[in-house]
Asks: 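Below are the structure tokens for one structure; questions will follow.
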Amino acid sequence: HDSDYGKNPVAIAYYRKYHGINALSSNQLSKSEMSEWNDYRRKSVTDLVRELRKMIDYLDPNVELTAAVKPNLYEARDRFFQEWDVWLAAGYLDKALVMNYASNLKDFASNIDIIYDNLPSKYWKRIVMGIATYNQSPSEVINKIKYSRVTRFKNISFFSYNVMDQNPKYFWPIKKILLFPIKLLIFITFLLVAIIFFLQYRMDFETDVSPLRGYEVEACIQIIENNDMDPIIAISNFSESFTKEEREVLKGRLPDRLKP
């Protein structure tokens, strides 16, 4: 949809219904006439997107509505009548795939700057940054991936599939960049698991696993002292009541000089 298009019989008839029978009768429109005509076409496209949203919500609310849109918001609105910032803000679109296919990084960044200036950040997560592969080298694509991530646009898409199909090696260096966050996440997860196991081991090692609680030990000592008993004989007699597991635990915690 370009600014040179739209003058089909149906569109003209509908436009004249609201703007008079002589509207668009001249090939040379005045500035005000052109502005009205452009507003009408822009509104028509937005109305189509809104009605599509209603239809999808009625048939299956789980279906997402997305649109591939021009990257420069100003040009998208004025030349192609795609006010896709409005579509996102109004909830008509679930995602906008921004066709930011400029090979020059400066132009690529300029389109993102315009988004920064015109679209609130709460809508950025619903933007998919489109990067071209047909007109630039893998290293240039990687630079644009990095720039998109730095500017908080995490969702990425590539155009076109033909490049991947015809030259699979083209994507090898790009995949390394794309997979790095996943590899880093796996490494961090593994490291956290190792730390948790280590801390758990330390806690288990430092926990008192004696068969007797503190007050039970004190009570035993008091009985031995009150009855003038031989402590070694008393402890030996008492240890005979231990289970095999309790004896192994006690044996492991005895000083070396007392171990059998």
Side-chain angles (χ1 to χ4, degrees), residues 1-5 35 38-39 41-43 45-46 48-49 53 64-185 187-188:
H1 206 86
D2 205 337
S3 57
D4 294 334
Y5 297 93
S35 178
N38 288 342
D39 288 343
R41 289 187 287 178
R42 187 178 303 107
K43 181 178 181 300
V45 177
T46 296
L48 173 63
V49 177
R53 174 81 274 166
E64 288 191 347
L65 178 60
T66 65
V69 296
K70 295 297 181 178
N72 184 309
L73 267 174
Y74 302 144
E75 187 181 42
R77 180 184 185 278
D78 296 334
R79 178 181 174 185
F80 299 98
F81 310 116
Q82 300 175 349
E83 45 185 4
W84 57 265
D85 54 336
V86 174
W87 303 346
L88 284 175
Y92 302 155
L93 283 186
D94 293 296
K95 287 185 177 64
L97 196 159
V98 178
M99 298 183 290
N100 201 358
Y101 297 157
S103 58
N104 184 283
L105 183 58
K106 184 178 180 180
D107 295 335
F108 182 89
S110 176
N111 291 329
I112 292 180
D113 290 342
I114 295 173
I115 296 174
Y116 261 77
D117 294 338
N118 291 273
L119 189 65
S121 58
K122 64 181 179 179
Y123 301 114
W124 295 355
K125 63 182 179 181
R126 289 160 56 190
I127 288 178
V128 180
M129 193 59 62
I131 300 175
T133 56
Y134 63 87
N135 60 354
Q136 54 192 327
S137 66
S139 62
E140 292 175 303
V141 171
I142 289 172
N143 288 336
K144 292 176 177 63
I145 293 173
K146 292 179 178 178
Y147 189 88
S148 298
R149 287 176 172 174
V150 168
T151 52
R152 296 164 57 189
F153 293 99
K154 307 299 183 183
N155 300 320
I156 300 293
S157 70
F158 300 109
F159 183 82
S160 73
Y161 176 78
N162 290 341
V163 177
M164 181 184 297
D165 183 50
Q166 296 169 6
N167 184 15
K169 292 182 179 180
Y170 178 95
F171 274 90
W172 287 0
I174 298 174
K175 287 180 180 179
K176 292 181 181 179
I177 297 297
L178 294 175
L179 294 177
F180 177 75
I182 298 176
K183 293 179 179 178
L184 181 61
L185 179 61
F187 173 77
I188 293 175

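Positions are given from 1, in the same order as the sequence printed here.
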Asks: Partners of D39 by side chain to side chain donor-acceptor pair (under 3.5 Å), sequence neighbours excluded?
Replies: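 Testing D39 for side chain to side chain donor-acceptor pair (under 3.5 Å), a comparison that skips the adjacent residues, returns R42.
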
Asks: Report the residues that fulfil side chain to side chain contact (heavy atoms under 4.5 Å, CB included) with S139, sequence neighbours left out, ordered by chain and then residue number.
Replies: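 For S139 the side chain to side chain contact (heavy atoms under 4.5 Å, CB included) partners, ignoring immediate neighbours, are S137.
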
Asks: Can you list every pair that meets salt bridge (Lys or Arg N to Asp or Glu O under 4.0 Å) and has a residue in residues 110-125, with sequence neighbours left out?
Replies: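 Qualifying pairs: none.
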
Asks: What residues, two or more places apart in sequence or in another chain, satisfy ring pair (Phe, Tyr, Trp, His ring centres under 6.0 Å) together with Y147?
Replies: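 Ring pair (Phe, Tyr, Trp, His ring centres under 6.0 Å) check on Y147 returns nothing, list empty.
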
Asks: For D107, check salt bridge (charged side-chain N to carboxylate O under 4.0 Å, His left out) against everything at least two apart and list the hits.
Replies: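 Partners of D107 under the salt bridge (charged side-chain N to carboxylate O under 4.0 Å, His left out) test: none.
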
Asks: Under the salt bridge (charged side-chain N to carboxylate O under 4.0 Å, His left out) rule, collect the residues that match up with K154, sequence neighbours excluded.
Replies: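 Here no residue qualifies.
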
Asks: Do I174 and I142 pass the side-chain contact (heavy atoms from CB on, under 4.5 Å) test, and can you show the C-alpha distance, the side-chain angles, and the key distance before you say yes or no?
Replies: CA-CA 6 Å; I174 298 174; I142 289 172; 4.2 Å; yes

Asks: Among residues at least two apart in sequence or on other chains, which ones pass side chain to side chain donor-acceptor pair (under 3.5 Å) with D94?
Replies: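 With neighbours one apart ignored, the set is R53.
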
Asks: Assign the ring pair F153 / Y116 to parallel, tilted or perpendicular, where the plane angle (0 to 90°) is split at 30° and 60°.
Replies: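 Answer is perpendicular, since the angle exceeds 60°.
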
Asks: A side-chain contact here means heavy atoms from C-beta on lying under 4.5 Å apart; do P138 and W172 qualify?
Replies: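 With C-beta onward as the side chain, the pair stays apart.
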
Asks: Who passes salt bridge (charged side-chain N to carboxylate O under 4.0 Å, His left out) against K146, sequence neighbours left out?
Replies: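 Listed in chain order: nothing, the list is empty.
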
Asks: Hey, can you pull the donor-acceptor pairs under 3.5 Å for the side chains in residues 156-171, sequence neighbours left out?
Replies:
{"from": "S160", "atom 1": "OG", "to": "N162", "atom 2": "N", "distance (Å)": "3.4"}
{"from": "Y170", "atom 1": "OH", "to": "T133", "atom 2": "O", "distance (Å)": "3.1"}
{"from": "Y170", "atom 1": "OH", "to": "Q136", "atom 2": "O", "distance (Å)": "2.6"}

Asks: Quick one: list whatever passes side chain to side chain donor-acceptor pair (under 3.5 Å) with D85, sequence neighbours left out.
Replies: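 For D85, no residue satisfies side chain to side chain donor-acceptor pair (under 3.5 Å) once neighbours in sequence are set aside.
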
Asks: Taking the side chain as every heavy atom from C-beta outward, state whether I131 and N100 have any pair of such atoms under 4.5 Å apart.
Replies: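 I131 does not reach N100 side chain to side chain.
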
Asks: Mind checking whether W84 and V98 have side chains closer than 4.5 Å, heavy atoms only?
Replies: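 Answer yes - side chains close enough.
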
Asks: Which residue pairs pass the side-chain hydrogen bond (donor to acceptor under 3.5 Å, both in side chains) test when at least one of the two sits in residues 66-75, sequence neighbours left out?
Replies: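 Sorted result for residues 66-75: Y74-N118, E75-R79.
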
Asks: State, yes or no, whether a side-chain contact exists between T151 and M129 at a heavy-atom distance under 4.5 Å.
Replies: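 They are not in contact (no side-chain heavy atoms under 4.5 Å apart), so the answer is no.
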
Asks: List the residues meeting side chain to side chain donor-acceptor pair (under 3.5 Å) with W87, not counting sequence neighbours, and say none if there are none.
Replies: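 In terms of side chain to side chain donor-acceptor pair (under 3.5 Å), with neighbours along the sequence ignored, W87 is linked to T46.
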
